[in-house]
Amino acid sequence: MKLFAKISMLFALSVMFVGSALAQTADFVARNGVFWTVDENNPRAEAVASLNGRLIYVGSNDGVAQHIGPETTVMDLDGEFVTPGFYDNHVHFEGTGRLLYGLNLLDVSDEASFVARVRDVHERYAPGTWIVGGDWSAYETWAEGEVAEAGREVNPDDLYGNFFLPNKSMIDGFTRDRPVLVRRFDRKVYMANGAALELAGIKNGIPDPEGIAVERDEDGEPTGALFNPVSGAVESTVLVRDNVRTLFSDLIPPPSREQRIAETREAWGKMASVGVTSYCDITSNPIYVDIYREMRDKGEMTARARYRPPLDRWESMEDLGIRIGFGDDWIRFGAVKAWIDGIMGNSSARFYEPYTHNPSSRGIWRDIMFPFERSPDNPEDMQSRLERLALDADNAGIQLTVHAIGDEANGYLMDMLERIIAKNGDKDRRFRLVHAQVMTDRDIKRGGDMKIVAEVQPFHTSDDMRWMEERIGRDRSRGAYAFRRLWDSGAVVSFGSDSPGTNASRYYLNPMLGLYAAVTRKTLSGQPEGGWFPQEKLTVEEAIQGYTLNTAYASFEEDMKGSLTVGKLTDFVVLSDNLLTMNPDEIKDVTVETTVVGGRVVYSAD
Ligand SMILES: [Zn+2]
């Protein structure tokens, strides 16, 4: 008896000793939560422990206790639902910051809201900074969130369309000497305030600048409205040249570094508030790499960036030794980007057959597709400039990401990828087909066979379905945003936002809108009942994976991000509702309670 007690005492002591010797003390613990980890080996947990920004434990409330020491910060989640931090595959970061901090008029088409928005930015901006952009009246034709039966009535005799038209007298009273140059969404019309007109030399008694029609009152005084030339084409009118932009381009200074940093903080603040902890930066000026460095060194970076230069810079990357895997936990490189066709928003995406609503157009190829010529090493091939660049970049260990929207654009890239594989050989290249918006059945299958990454933005579905069938018809629409078939084909479906959107649409950073779109295939107002092409819906578990682990994979970062797994970065999001058990129609309204990046709280709702 005595001996037994002694042995069990020893055993208990050794367990305690071993336990404390093996269990590292965490600097941060979150417990009492409902964790959906996106780790298939350990899908659910109650608690995590983190040390120096990385997870050292993912498991139970009991198990995490051994990692808590006197210095550990312990967060009680009170039963709330937690996912890995969201990884947005496609953010126009510079544009997002500018739109969030600056002027957004997409939903503005009346004087009161126009004045209020300009005044708001005027009060925020440093003195002397130009207020530009805006894109007013974008939603005057198609209300956001609606499935419309047909577009707004357009008078074919009115080349410029009968839209809201602001004038300088609405804002001159408070903008005073700050120049303002705002534009309508289609760039056919701009509006300059008094200060901007003065700088451009547009005034009473002076003839209109070449190629610009200046609206004037009965005394000859410019009202501020400036009209670009347009031509009457079939069914619609086309902007001929953006002469206003050309006239003002030398007058408007580039944003100051202070302005860029203010915009950057605004964008990161927004990301933290919606649970985005990593993003791929698509088109920012290279100066942002240095802004990231400065902010990282100051400890102010709250979302991790993967920066993508344009494809035609691949040689500079190779010269510097930059390839897949380059960078640290905060700022990474390794991919290049290119565009080969237009977008759905203005019917410039490239299709095999003409647009349904405009039989004279199949959309456009971007400049990078030209010239087409025969390849010296294979005279049978007609190669685009894109293809020559892509072959070399791929050979240098750089990841390719190429924008394709229309079915012919997607088809061209599948052809091109087959040739790249034939020439450069099989390897783990994770070709990112950016948008993959409208694909033929054959190309979906080829994409799966070649294990591509479909870099899609599911909210496009909710937005574009408003007019998709009118533009490309029912049959081609079947291949639009075909996430289910892409997923099942073997392609890796990765999600993101495409923030801030185009001059026709706003794409929000909020991942809940993307998850909602992928799971319900409805507009924001819940149409149509049952969803648009509902056979292409993903499950909510798949959609979460698309916005986390699959984007990490798409960026060669699945060993550091995308799931809550020991060894990975401690990036997670606490949500207001349990995505797995709630009504999918309500996912769009889910909010973020807390965002944690690297074991540090970067956003808290209260
Ligand atoms: Zn984009």
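One is the number of the first residue; the rest follow in order along the sequence. Just so you know, these numbers come straight off a predicted model, no measurement behind them. For ligands, and for the atoms within them, numbers begin at 1 and follow the listed sequence.
With a cut-off of 2.8 Å, the Zn ion (ligand 1) has an N, O or S atom of H92 in range. Not a single N/O/S atom of H435, whether from backbone or side chain, sits less than 2.8 Å from the Zn ion (ligand 1).
When distances from the Zn ion (ligand 1) to the N, O or S atoms of H90 are compared, NE2 comes out shortest. The closest approach of D498 to the Zn ion (ligand 1), by N/O/S atoms, is made by OD1.
Under a 4.0 Å N-O distance rule, the pair D312/K337 does not qualify as a salt bridge. Between R183 and D242, none of the side-chain N atoms (NZ, or NE/NH1/NH2) sits under 4.0 Å from a carboxylate O, so this pair counts as no salt bridge.
Annotation: cation-pi geometry not satisfied between R304 and Y279 (NZ/CZ under 6.0 angstrom from ring centroid, within 45° of ring axis).
Surrounding CD of E353 are at most 12 heavy atoms belonging to other residues, nucleotides or ligands under 6.0 Å away.
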